[in-house]
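Presented below is the structure to which this report refers.
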Amino acid sequence: MSGRLRDRSSSQAKRHSHHQTTTTVAAVAMPNFLTETLPCPFGELATNLSDSALRETAYEILVGACRSTGGKPLTYISQSERNSERTATPTLTSTASLQRSLTSTAASKVKKALGLRSSGRKKVSGESDSERVKKAVTIGEMLRVQMGISEQTDSRVRRALLRVAAAQLGRRIESIVLPLEMLQQLKPSDFPNQGEYEAWQRRNLKLLEIGLLLHPLLPLDKTDTAPQRLRQIIRGALEKPLETGKNNESMQALRSIVLSLACRTFDGSASETIHWADGFPLNLRIYQMLLEACFDVNDETSVIEEVDEVLELIKKTWVVLGMNQMLHNLCFLWILFNRYVATGEVEGDLLFAANNLLMEVEKDSKSMKDPNYSKILSSTLSAILGWAEKRLLAYHNYFHSDNTELLECVVSVGVLSAKIMVEDISHEYRKKRKEIDVAHERVDMYIRSSLRTAFFQIMEKVKSSKRSSNKNQQNQLPFLSILAQDVSTLAFSEKAIFSPILKRWHPLSAGVAVATLHSCYGNELKQFVSSIGELTPDILQVLRAAEKMEKDLVQIAVENSVDSEDGGKSIIREMPPYEAESVVSNLVKSWIKTRLDRLKEWVDRNLQQEVWDPQANKERFAPSSVEVLRIVDEALEAFFLLPISIHAALLPDLTNGIDRYLQHYISKAKSDCGTRSTFVPSMPALTRCSSRSKVSGVFKKKEKFQKAQSRKSQVGTTNGNGSFGIPQLCCRINTLQHIRTELDVLAKRTIVHLRSSESHVNNIANGMGKAFELSAASCLEGIQQLCEATAYKVIFHDLSHVLWDGLYVGEVSSSRIEPFLQELEHYLEVLSLTVHDRVRTRVITEVMKAAFDGFLLVLLAGGPARAFTLQDYETIAEDFKFLTDLFWSNGDGLPVDLIEKFSTTVKAILPLFHTETDSLIEQFKYMTAESYGSSAKSKLPLPPTSGQWSPTEPNTLLRVLCYRSDETAAKFLKKTYNLPKKL
């Protein structure tokens, strides 16, 4: 890296033909938003001393240092002689160092070492070579101009130094207190006016105060009175100009005190070196003024070509300022860096030079343990690092594809500064520093911070764009969909532009970048998903965009991690999948739940309002079923309109839920309507009849009993709200038939939707024939239950007065079946007109079965009010024929085979009513013995009522005997079972 940055000068030489060329400045310049002013890291002086005063002091020290190290005596040339000689010769009477001509300067080694480009001075148009030679000046003259020192001041300084040299013959510059000697040698007559002299005197007195009292190299002894006396002299001199004559008492006192303070040493030994300008930060501030002379006064971004010679002269001041190579490197680093910043960051060469010098400072810091150096090092690097990190923590705002070389340099500056500071702190506190890769950590931080910043900037930009486009009705893509596209673009840009640079310090730079973007977008997506109330096409579009963006980011991370030690596992672990498909699945499930909850709500609400009125519509089914089926159809339509690819996987969730709530509706539709057992009256206890019984006399008592039984049988059969009448029951039957029909339609429509959806899963579509099968089965079961309930309600409830309470009560001939048939026919007409065509036969069949059951119940369990003789058989058989004819209805009713099927039991039992009593008794005994075996030989057991009537069933035979109006039967029953004649 260092070699790469150091060798910039050679590559730049090809790109820069002249010093003033600015084309590449734009190419490498950082965006100049605002020119920054950085605080000086060397520290502020404890008292005010202007930069011009410091600069003049620096010039005095420089000229004095060059005089004392030169090979020739320093002679003074008057201004007039200087002017006349300048036109005749390019050289001045000065020291050998200061007399070196600028025209003879070779290519700068310093510039080459720092990576600064060399530039030839432009030849002014029309200027001849001889004229240029005449204008050539010495290094000393150039320095005067560079430092902004007037010729008058320069002449006065040199004159003073000649006098000092004469007075302090043989003494070197580091052995004298220059401000003290200058005060001694210069008089008011050396200045244009008294005011200028007094200002100059105050400046020198302030220098003595700063160098000896405020910022001395050696701390002052609190017991020493010299500092206090010096303060008093300076304070007095500031109020009234100091008399500086050689024999002046005030001057002698000042000299004595100054020398006593300046000659102090750490160990108390005598030393030729006097300390008056080598305390921190005074020495650094003075040295700063000297180093700034390395910049061209006419081009503040350019280092002069004679920088080698200038630095050679400046280094002569080290003995006075207490400087060394390490402090020089640190100061020069700051000067180069600060000049780059202060001039608007337009000259990238200065930053590259600072970076190269920073590498030298890194070496110095490892060996230099001086606390003052460490303090200055820390403050300098803190300032540089602060500036660098301001840019690196948001490098997308400062760098682009055209200035990546500058980015590389800024990263190097930042990383090196951080690394030196970490190492310096560990040395300072003598800690065993845990081995950490400072460069890796810092660059990792820069990448994450800058990508986060870039992400939120993009997000704000998209929001702003959306607000604008919404006003103009443009670009209706969801916000997060646009953001996902822009994030992908940013990721690819990062990979192409910045990652190749940053991977020098962080091999997984691209991976870290995309992981950061993945996290940032993930946070927004998480908030978005958590706020979703229901699934919409926009939401699905966002999730699809997120899924595509995630694939892009993961692909970049994988490609970046190919050569890493862990194969990129650490980066991939930072990118937990968005699981967009899972989110979609959960959202669809939530959507399904919402729809199903709405369906349940509608089912309950419609059921509460439903009155089951067959007149509500011409189809004679419940309006509530229409609403419920409409919601089901809408839910299925909406489901298949969702732009997802997982219809097949989630369809069962929807259909099963629909099936469940339809079953709930069906259950409510058939609930509380009763069953066969609800309406069939309970059988009375067995009794026996007698031929001597007066049936007419018994009738009244038995009628009361029957009415009581009838009332008992009606308990729980109606709630009195009119919703369980025969028309309402028909409406319920029609409703279930309608639902059953519509379920087939829905299942077929669902298969069509499924086959045309993105899923294309034919095997699942084929299996959809079983959709809603539970509801369909419930419909069939409900229809059967309602048909049976309707039938038995008609026969045993609505017609009980003509069947159970009237048929064959008393005399058979006078209570025949005609009244029952007349009313039944009316009910059959109502049923035929009300129920759906497809269930009409079933309903009428159930009524027929109920009528046959009722007829048998009258014959076999009609209670004591009924008694039959052998002669009644013909009447009973004829009545049953009338009953079957009613259902045949001359061929317009039920099919003959259906009537025959369900009349078999009645027809098998009727012959028992004209069988002789003795024969019946024998049959009964035989059948009982067959049923009970040997236990029936001693005593015939009482066979239980099974309800399954049959001519071979003992209980059926016993009941025929019980209702036989015959003495033989009565005696048998009395003897065998001791049955009573009356209840």
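The structure presented is a predicted model; accordingly, all values stated were derived computationally and were not measured.
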Worksheet item: Relative to the ring of F639, is the ring of H647 parallel (under 30°), tilted (30 to 60°) or perpendicular (over 60°)?
Response: perpendicular
Worksheet entry | Side-chain heavy atoms of R755 within contact of I751, under 4.5 Å | yes
Discussion item. Are V680 and I795 packed together at the side-chain level, in the sense that at least one heavy-atom pair is separated by less than 4.5 angstrom?
Written reply: no
Worksheet entry | Salt bridge flag under 4.0 Å for residues R630 and E634 | yes
Worksheet item: Is there a side-chain contact between D659 and T655, using heavy atoms and a 4.5 Å cut-off?
Response: no
Worksheet item: Between D837 and R840, is there a side-chain N and carboxylate O pair less than 4.0 Å apart?
Response: yes
Item to complete: Could you walk me through whether Q785 and E781 pass the side chain to side chain donor-acceptor pair (under 3.5 Å) test, one step at a time?
Response: CA-CA 6 Å; Q785 179 184 326; E781 181 186 337; over 6 Å; no
Discussion item. With rounding to the nearest 0.5 angstrom, report the CZ to CD1 distance, F772 to I658.
Written reply: 5.0 Å
Item to complete: In sequence, state the C-alpha distance, the side-chain angles, and the governing distance for S519 and T516, and then conclude on side chain to side chain donor-acceptor pair (under 3.5 Å).
Response: CA-CA 5 Å; S519 173; T516 303; over 6 Å; no
Practice prompt. Tell me whether the centres of the aromatic rings in F498 and H396 are closer together than 6.0 Å.
Written response: yes
Discussion item. Is there a side-chain contact between L596 and R660 in this structure, where contact means two heavy atoms from C-beta onward sitting under 4.5 Å apart?
Written reply: yes
Worksheet item: Say you draw a straight line from CD1 of I592 to CG of N586; how long is it, rounded to the nearest 0.5 Å?
Response: 11.0 Å
Practice prompt. Check the angle between the aromatic planes of F640 and H753 and answer parallel, tilted or perpendicular using the 30° and 60° thresholds.
Written response: parallel
Practice prompt. Considering only NZ, NE, NH1 and NH2 on the basic side and carboxylate oxygens on the acidic side, decide whether D552 and K548 come within less than 4.0 Å.
Written response: yes
Fill in: Check: L857 and P681 side chains under 4.5 Å, non-hydrogen atoms
yes
Fill in: side chain to side chain contact (heavy atoms under 4.5 Å, CB included) assessment of L502 paired with Y446
CA-CA 10 Å; L502 299 174; Y446 301 152; over 6 Å; no
Worksheet entry | Sidechain N-carboxylate O distance under 4.0 Å for K600, D604 | yes
Practice prompt. Using a strict cut-off of less than 4.0 Å between a Lys/Arg side-chain nitrogen and an Asp/Glu carboxylate oxygen, indicate whether E574 and R448 qualify as a salt bridge.
Written response: yes
Worksheet item: Is the backbone N or O of C731 less than 3.5 Å from a side-chain atom of T735, with the two atoms forming a donor-acceptor pair by type?
Response: yes
Fill in: Note: E627-R605 ion pair, threshold 4.0 Å (strictly below)
no
Worksheet entry | Nearest-0.5 Å distance, CG of residue L393 to CD1 of residue I447 | 11.5 Å
Worksheet item: Can you check salt bridge (Lys or Arg N to Asp or Glu O under 4.0 Å) on D597 and K593, steps first, answer last?
Response: CA-CA 6 Å; D597 289 345; K593 184 179 182 301; 3.0 Å; yes
Worksheet item: How many angstroms lie between atom CD1 of I783 and atom CG of N734, to the nearest 0.5 angstrom?
Response: 9.0 Å
Discussion item. Can you confirm whether L824 sits close enough to V847 that some side-chain heavy atom of one is under 4.5 Å from a side-chain heavy atom of the other?
Written reply: yes
Fill in: Minimum side-chain heavy-atom gap K668-E610 below 4.5 Å
no
Discussion item. Between D853 and K849 (salt bridge meaning N to carboxylate O under 4.0 Å), is one present in this structure?
Written reply: no
Worksheet item: Should the ring pair Y578 and Y521 be called parallel, tilted or perpendicular, given that the plane angle runs from 0 to 90° and is split at 30 and 60?
Response: tilted
Worksheet item: What is the distance from atom NE2 of H738 to atom CG of L629, rounded to the nearest 0.5 Å?
Response: 5.0 Å
Discussion item. Once rounded to the nearest 0.5 Å, what's the spacing between atom CH2 of W591 and atom CG of L540?
Written reply: 11.0 Å
Item to complete: Kindly check if the number of other-residue, nucleotide or ligand heavy atoms within 6.0 Å of CD (Q609) is above 12?
Response: yes
